[in-house]
Amino acid sequence: MVTIGKIPLNNGIPKICVPIVGRTVDELVQECRYLQDKICDVVELRIDFLTEVTDLKAVNEALRAVRNELPDSAILFTFRTKEEGGETQVSEDYYFDLILSAVESGLVDAVDVEYFRNADKIAAAKAKGVTVVMSNHDFDKTPAKEEIESRLIGMKKLGAHVAKLACMPQSAKDVLTLLAATEHVKSQYPDEPIITM
């Protein structure tokens with residue numbers, strides 16, 4: 001069974017993931033304190049919002065602060081690139097430096113890796129026991145059913161624990177396309193988490 005921290009991602013009750021998007025360590029600490037009495041399963045640290053995200057030392061400080069505030073929470077580390085709707089532009093090399101630094105820190109339970117990036121870093125996360133969520137985002141349209149299926153299956157073939165695809169429907173038919181593609185992929189991977197939205 002795939003887990004993020006102690007949270008099992010089985011076919012039971014849907015899990016609630018709440019993002020935190022502070023631009024400073026102090027803002028992140030405030031967001032964590034706000035969440036301490038709220039019901040959520042996973043906290044997603046959207047590190048691309050951090051003003052000093054291009055400084056690995058500052059990123060590690062932010063990670064430590066979040067973990068200190070939420071010692072028992074499942075934490076998903078995400079740097080969303082500009083191409084997929086994120087806040088900050090960085091090089092491909094630095095993108096993976098961020099992910100590997102988070103994995104090596106021992107402070108996160110899962111990392112998000114974008115599907116259209118060089119995915120050879122997945123093994124490093126898996127070796128450290130960190131869950132890999134592989135994602136793809138299309139904010140303009142809903143891809144064709146076959147393309148959605150190809151991307152989700154591609155993520156699973158690359159070794160992702162969780163395959164995630166988000167797209168923008170322009171009609172009710174697009175919603176049905178996404179649902180049909182999700183059902184088709186889920187039938188091939190019945191015991192593995194697949195997220196579409």
Side-chain angles (χ1 to χ4, degrees), residues 2-9 15-36 40-137 155 158-166 193 195:
V2 175
T3 64
I4 296 180
K6 297 174 186 171
I7 303 299
L9 303 179
K15 305 302 181 249
I16 298 171
C17 179
V18 177
I20 55 175
V21 294
R23 296 194 175 276
T24 65
V25 171
D26 287 343
E27 287 180 11
L28 286 169
V29 166
Q30 289 173 5
E31 290 182 42
C32 290
R33 290 181 180 169
Y34 174 79
L35 288 177
Q36 285 175 345
C40 69
D41 299 295
V42 177
V43 175
E44 180 180 25
L45 172 56
R46 280 288 303 272
I47 204 68
D48 52 297
F49 280 84
L50 186 70
T51 303
E52 295 183 90
V53 72
T54 57
D55 178 355
L56 282 179
K57 185 177 177 186
V59 171
N60 285 328
E61 179 185 341
L63 270 173
R64 278 191 299 279
V66 169
R67 180 50 78 195
N68 286 339
E69 292 296 323
L70 301 171
D72 300 319
S73 294
I75 296 176
L76 166 62
F77 180 89
T78 300
F79 181 94
R80 182 68 59 237
T81 63
K82 272 278 198 195
E83 295 87 0
E84 297 211 19
E87 288 295 301
T88 307
Q89 182 71 39
V90 298
S91 70
E92 179 105 348
D93 287 343
Y94 187 72
Y95 172 82
F96 282 109
D97 288 346
L98 277 168
I99 291 173
L100 290 174
S101 179
V103 166
E104 293 291 330
S105 75
L107 299 170
V108 301
D109 302 295
V111 290
D112 182 293
V113 178
E114 292 176 354
Y115 178 55
F116 288 120
R117 302 276 158 205
N118 178 349
D120 66 348
K121 306 297 189 284
I122 291 175
K126 290 178 123 179
K128 289 283 188 176
V130 174
T131 301
V132 176
V133 176
M134 186 164 275
S135 63
N136 177 241
H137 305 79
M155 293 175 196
L158 286 170
H161 294 103
V162 180
K164 175 188 165 202
L165 185 137
I195 301 169

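Looking at heavy atoms from C-beta onward, K15 lies out of side-chain contact with I4 at the 4.5 angstrom threshold. In this structure, F77 and V59 have side chains that are in contact, with non-hydrogen atoms separated by less than 4.5 Å. Side-chain atoms of V90 and T81, non-hydrogen and from C-beta on, never get closer than 4.5 Å to each other. Y34 places none of its side-chain heavy atoms less than 4.5 Å from the side chain of I20.
Listed by chain and number, the residues in a side chain to side chain contact (heavy atoms under 4.5 Å, CB included) with A125 are V103, V111, V130, V132 (sequence neighbours excluded). In this structure A65 satisfies the side chain to side chain contact (heavy atoms under 4.5 Å, CB included) test together with V25, V29, sequence neighbours excluded. Here L107 pairs with L63, R64, R67, S105 under the side chain to side chain contact (heavy atoms under 4.5 Å, CB included) rule; sequence neighbours left out. In terms of the side chain to side chain contact (heavy atoms under 4.5 Å, CB included) criterion, residue partners of S135 (sequence neighbours excluded) are, by chain and number, R80, D112, E114, H137, K164.
When all heavy atoms of A102 and V108 are compared, the pair lying nearest together is O-CG2, 3.5 Å. Residues M134 and A160 share a closest heavy-atom pair of CB-CB, 3.5 Å. Looking at every heavy atom in both residues, G159 comes nearest to I122 through O-CG2, 4.0 Å. P8 approaches T3 most closely through the heavy-atom pair CA-CG2, 3.8 Å.
Not one N or O on the side chain of D41 forms a donor-acceptor pair closer than 3.5 Å with the backbone of C17. Within the 3.5 Å criterion, the main-chain N or O of G22 finds a donor-acceptor partner in the side chain of E31.
Put simply, CD1 on I7 and CG on D109 are 9.0 Å apart, with the number rounded to the nearest 0.5 Å. One finds the OG1 atom of T88 at 10.0 Å from the OH atom of Y94 (value rounded to the nearest 0.5 Å). Between the CD atom in E44 and the CD1 atom in I75 there is a gap of 11.5 Å [rounded to 0.5 Å]. Here the straight-line distance linking atom CD of E84 with atom CZ of F116 works out to 7.5 Å at 0.5 Å rounding. The distance from the CZ atom of R117 to the CD1 atom of I99 is 9.0 Å, given to the nearest 0.5 Å. Rounding to the nearest 0.5 angstrom, the gap separating the CG atom in L50 from the CZ atom in F79 is 10.0 Å.
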*Intermediate values then yes/no, side-chain contact (heavy atoms from CB on, under 4.5 Å), Y115 and L158*: CA-CA 9 Å; Y115 178 55; L158 286 170; 3.7 Å; yes
*Using the side-chain contact (heavy atoms from CB on, under 4.5 Å) rule, take L98 and V53 through it: C-alpha gap first, then chi angles, then the decisive distance, then the call.*
CA-CA 9 Å; L98 277 168; V53 72; 4.2 Å; yes
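A salt bridge (Lys or Arg N to Asp or Glu O under 4.0 Å) check over residues 17-28, counting only residues at least two apart or in different chains, returns the pairs R23-E87. The side-chain hydrogen bond (donor to acceptor under 3.5 Å, both in side chains) pairs that include a residue from residues 50-61 are N60-S101, where partners are two or more places apart or lie in different chains.
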